[in-house]
Engineer: 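One structure, as structure tokens, below. Some questions next.
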Amino acid sequence: MTTYITTPIYYVNAQPHLGHAYTTIVADTYSRFRHLCGEEVRFQTGTDEHGDKIAEAALKEQVSPIEYADRISALYRESWPLLDIIPDNFIRTTDTNHIKTVQRVLQQVYDQGDIYFGEYSGLYCKGCERFLTEKELVGGNCPDHQRPPEKITEQNYFFRMSRYQQQLLDHIHVHPEFITPERYRNEVLSFLSEPLEDLCISRPTSRLTWGIALPFDQNFVTYVWFDALINYLTGLDYPDGKLFHQYWKVAEHVIAKDILKPHAIYWPTMLLAMGLPLYQRLHVHGYWNVGETKMSKSIGNVVRSAELVAEYGVDTVRYFLLREMSFGLDASFTSAAIMTRQNSDLANDLGNLFSRSLAMLEKYTDAKVPAPGAIEDSDAILCQTAVQMLSQYHESMGQFQFHRALQSVWDLISHANKYIVINEPWILAKDPAQQPRLHAVLYNLAECLRVLTLVLRPVMPQTSQKMAVGLGLSADDPRIANFFHGAQWGLSTVGTRLQTTAALFPRMDKPGKEGGVIEATGTAVQKSSPKKEKKRGAVAEVGVIEFAQFQQVDLRVAEVVHAERILKSNKLLKLTVKAPEERIIVAGIAEYYTPEEMVGRQVLIVANLQPVEIMGVQSQGMVLAAKTEVERKKRLVLTTVSGLVAAGSKVA
């Protein structure tokens with residue numbers, strides 16, 4: 001099997017930040033996972049270097065556009081090794097082969113009558129480098145750049161995008177996996193429910209010269225999206241290259257939600273016009289917020305990934321980003337949140353399990369893997385937990401549900417730590433008659449660490465390698481280098497010599513350097529203090545609301561698809577629910593319901609509450625529950641419907 005995974009090519013009007021890092025870490029992790037599954041993989045990223053904003057930025061710095069592009073593109077290329085990101089290809093839109101490919105495509109589409117000359121008036125957002133419709137504006141502003149677009153009228157070349165609208169609609173309906181998560185598929189279907197306008201694909205050289213010249217009219221350059229999107233083909237030596245024939249049919253793109261429309265509508269219609277098969281899947285993730293605001297250079301709240309790596313280490317950063325964000329939803333970054341993940345998940349859970357297991361193996365079995373013994377109940381449960389994790393992990397990683405894959409891994413880590421407490425190897429070691437049992441327990445711990453080394457390989461490559469060294473395994477040992485070979489219990493070899501290693505993750509006592517990582521990059525996140533509610537005027541009857549007010553509350557039935565406890569809280573659960581789109585809700589029900597009890601339940605939620613950050617997690621709604629007393633003890637009882645209904649059903 002083969003996999004072709006791409007990031008968007010990043011625009012060189014600004015230096016790389018955490019948002020770029022997340023997208024690229026996701027693609028790198030998926031690439032590594034597919035490698036782990038024995039597939040042939042091609043992973044591509046790069047930089048987008050033409051357009052208005054690049055010309056303006058270069059002018060401001062008094063350099064030529066290509067000099068400016070060279071410098072910023074190099075910053076991206078140099079950033080990825082810091083994050084253990086290893087692409088197979090780094091493409092630039094100023095590359096000679098890309099320019100030739102774009103002009104070849106333009107000529108083909110023009111010759112077949114799908115590009116024509118005309119006049120257009122529209123609302124142009126310079127930040128998005130595209131025309132916006134009135135429907136897309138929020139309060140008259142571009143929702144992403146928070147400023148009004150400019151009214152422009154000019155003559156240009158247009159791509160007959162509308163000609164391929166129905167063909168694209170049919171494809172999406174037949175292939176529901178084409179755009180994931182589902183909420184973004186629904187958003188695209190909403191776009192396509194109205195007639196598409198044709199796409200302006202050029203700019204006159206009287207206004208912009210920094211672009212690829214149209215092969216059929218030298219007075220115009222190519223519009224940035226018709227240039228940039230074709231990079232996915234250029235990187236495969238389209239049209240005649242071996243790579244194109246090997247990889248294009250399995251192409252998967254990873255993007256942030258702000259460029260959904262170009263990738264889900266412009267790009268597929270371009271491919272249809274070219275007579276090419278569409279890409280296989282488009283994976284769309286949310287924004288990284290600082291506080292409740294999208295991370296953005298224009299807003300000034302950027303967090304630099306290089307600073308995070310210097311502060312916490314590369315594997316902590318990779319783990320935090322993949323674990324903290326539910327793919328498709330927005331997530332919030334704080335220094336406190338990443339430090340908590342480092343101390344609790346990595347140092348306490350994983351690091352402690354690894355260190356004390358190896359220490360006991362060194363002390364009680366002379367640093368060698370002992371022979372397994374008779375299986376007792378706790379052994380069988382540990383084995384079963386590992387096998388279940390491997391299945392859940394494989395499914396979740398393939399579906400880009402990285403947070404769920406890691407939750408299942410940490411369930412095994414938690415169980416292994418409890419296994420040590422239950423079996424008390426230090427007590428068994430005091431009784432010579434218990435040596436077979438001691439050896440069985442320590443074998444199971446060594447085997448558990450091997451399984452963890454296998455599944456952590458795509459996510460935290462350096463940590464996985466350190467664990468492999470400690471377990472006496474070479475990096476290419478198929479038991480940790482091939483998922484299908486290693487995803488079974490009982491493969492550790494008796495007598496393998498183990499090695500003493502340093503602690504995997506040190507505990508951190510302070511939330512970063514003085515002032516914290518975020519503060520050091522220009523923006524401090526402060527919790528607002530609660531304000532006293534102002535007195536309101538008297539109402540006719542206390543507690544009575546108008547029916548119109550009730551209609552404003554969006555009550556829905558939601559299905560809980562995942563649940564976990566919030567770190568450092570005894571009361572809160574982090575619920576992932578479908579309603580019908582997937583979202584995160586933090587609910588204060590942990591004293592009454594376990595995460596295991598919640599999965600699969602249908603609950604009622606308020607779906608249109610303003611999102612709020614609770615314990616570092618952005619909550620998008622509220623779960624409804626009734627307060628009651630049972631045997632003089634207060635408790636909450638979740639509200640639900642009497643029969644099974646579709647997730648997202650409205651409650652009236």
Side-chain angles (χ1 to χ4, degrees), residues 7-21 23-24 45-77 79 90-95 98-99 102 120 122-132 136-137 141-152 154 156-157 199-214 220-231 255-263 266-267 287 294-302 304 522:
T7 72
I9 49 175
Y10 302 115
Y11 210 37
V12 295
N13 66 320
Q15 297 181 27
H17 58 61
L18 191 64
H20 305 115
T23 308
T24 319
T45 187
T47 46
D48 181 6
E49 302 176 18
H50 292 125
D52 289 317
K53 290 192 287 186
I54 308 307
E56 285 184 6
L59 184 63
K60 190 178 293 185
E61 296 198 11
Q62 297 183 326
V63 296
S64 68
I66 189 60
E67 287 177 303
Y68 178 83
D70 285 345
R71 181 169 64 82
I72 303 299
S73 181
L75 292 178
Y76 279 90
R77 190 189 291 267
S79 291
F90 187 97
I91 190 169
R92 300 178 60 185
T93 56
T94 51
D95 290 340
H98 177 72
I99 293 170
V102 170
Y120 183 79
L123 300 171
Y124 184 73
C125 174
K126 192 168 286 187
C128 295
E129 296 216 74
R130 69 178 179 90
F131 288 96
L132 303 179
E136 291 178 271
L137 303 182
N141 291 330
C142 167
D144 291 322
H145 296 95
Q146 300 179 12
R147 59 176 180 260
E150 180 184 355
K151 184 71 179 285
I152 289 179
E154 64 184 15
N156 269 306
Y157 284 90
L199 180 65
C200 179
I201 65 159
S202 68
R203 296 292 179 267
T205 53
S206 60
R207 183 159 73 83
L208 176 68
T209 58
W210 182 238
I212 298 175
L214 297 185
F220 291 83
V221 294
T222 314
Y223 164 62
V224 65
W225 284 110
F226 215 94
D227 165 3
L229 291 165
I230 293 171
N231 91 87
I255 63 166
K257 64 183 181 180
D258 58 336
I259 51 175
L260 173 63
K261 191 172 183 179
H263 279 80
Y266 302 174
W267 182 220
Y287 293 146
K294 176 196 170 188
M295 195 175 298
S296 165
K297 174 200 171 191
S298 59
I299 298 172
N301 62 346
V302 170
R304 303 289 180 201

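FYI, side chains are in, hydrogens and waters are out, and symmetry mates aren't considered; it's all heavy atoms of this structure. Please read these numbers as outputs of a predicted model, since none were measured by experiment.
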Engineer: Rounded to the nearest 0.5 Å, how far apart are OG1 of Thr222 and CD1 of Ile201?
Structural biologist: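 These two atoms lie 7.0 Å from each other.
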
Engineer: Where is the tightest heavy-atom contact between Pro8 and Ile259, given as atom of each residue plus distance?
Structural biologist: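 It is CB-CD1, 3.7 Å.
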
Engineer: Mark yes or no for whether Arg304, through its side chain, and Pro16, through its backbone, hold a donor-acceptor pair below 3.5 Å.
Structural biologist: yes

Engineer: Just to verify, what does Tyr124 make a ring-ring contact (aromatic ring centres under 6.0 Å, His included) with, not counting sequence neighbours?
Structural biologist: Phe131

Engineer: Could you tell me which residues satisfy side-chain hydrogen bond (donor to acceptor under 3.5 Å, both in side chains) with Asp227, sequence neighbours excluded, listed by chain and number?
Structural biologist: His50, His98

Engineer: Nearest 0.5 angstrom please: Ile54 CD1 to Trp210 CH2, how far?
Structural biologist: 9.0 Å

Engineer: Taking all atoms of both residues into account, what is the closest heavy-atom pair of Arg203 and Cys200, and its distance?
Structural biologist: NH1-SG, 3.3 Å

Engineer: Sub-3.5 Å donor-acceptor pair from the side chain of Thr209 to the main-chain atoms of Thr205, do we have one?
Structural biologist: no

Engineer: When you compare the side chain of Tyr287 with that of Asp258, does any pair of heavy atoms fall below 4.5 Å?
Structural biologist: yes

Engineer: For Tyr157, is there any backbone N or O sitting under 3.5 Å from a side-chain donor or acceptor partner on Ser202?
Structural biologist: yes

Engineer: Between Gln15 and His20, which heavy-atom pair has the shortest distance, and what is it?
Structural biologist: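 Between these two residues, the closest heavy atoms are O-CE1, 3.9 Å.
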
Engineer: Determine whether Val12 and Arg71 satisfy the following criterion, side-chain contact (heavy atoms from CB on, under 4.5 Å), listing intermediate values before the conclusion.
Structural biologist: CA-CA 9 Å; Val12 295; Arg71 181 169 64 82; over 6 Å; no

Engineer: For the pair Thr93 (side chain) and Ala228 (backbone), establish whether a donor and an acceptor sit closer than 3.5 Å, ignoring hydrogens and angles.
Structural biologist: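 No; zero donor-acceptor contacts below 3.5 Å.
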
Engineer: Evaluate the side-chain contact (heavy atoms from CB on, under 4.5 Å) criterion for residues Asn156 and Tyr223: first the C-alpha distance (whole Å), next the side-chain angles of each, then the deciding distance (0.1 Å), finally the verdict.
Structural biologist: CA-CA 10 Å; Asn156 269 306; Tyr223 164 62; over 6 Å; no

Engineer: In the structure I gave you, are the side-chain heavy atoms of Ile72 and Thr47 within less than 4.5 Å of one another anywhere?
Structural biologist: no

Engineer: Please report the closest heavy-atom contact between Phe90 and Ser73, naming both atoms and the distance.
Structural biologist: CE2-OG, 3.5 Å

Engineer: Nearest 0.5 angstrom please: Asn141 CG to Cys125 SG, how far?
Structural biologist: 9.5 Å

Engineer: Write down the atom of Thr94, the atom of Glu49, and the distance for their closest heavy-atom approach.
Structural biologist: OG1-OE1, 2.8 Å

Engineer: Do Tyr10 and Thr23 have side chains that get closer than 4.5 Å, going by heavy atoms?
Structural biologist: yes

Engineer: Looking at Trp225 and Trp267, would you say the former's side chain and the latter's main chain have a donor-acceptor pair under 3.5 Å?
Structural biologist: no

Engineer: Rounded to the nearest 0.5 Å, what separates atom CD in Glu61 from atom OH in Tyr68?
Structural biologist: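 Those atoms lie 5.5 Å apart.
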
Engineer: Under the side-chain hydrogen bond (donor to acceptor under 3.5 Å, both in side chains) test, which residues partner Thr7, sequence neighbours left out?
Structural biologist: Thr45

Engineer: Looking at every heavy atom in both Cys142 and Leu132, which two are closest together, and how far apart are they?
Structural biologist: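 Minimum heavy-atom separation between Cys142 and Leu132: CB-CD1, 3.8 Å.
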
Engineer: How far does NZ of Lys53 sit from CG of Leu208, to the nearest 0.5 angstrom?
Structural biologist: 13.0 Å

Engineer: Please round to the nearest 0.5 Å and tell me the distance separating atom CD1 of Ile9 and atom CD1 of Ile91.
Structural biologist: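 With rounding to 0.5 Å, CD1 (Ile9) is 7.0 Å from CD1 (Ile91).
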
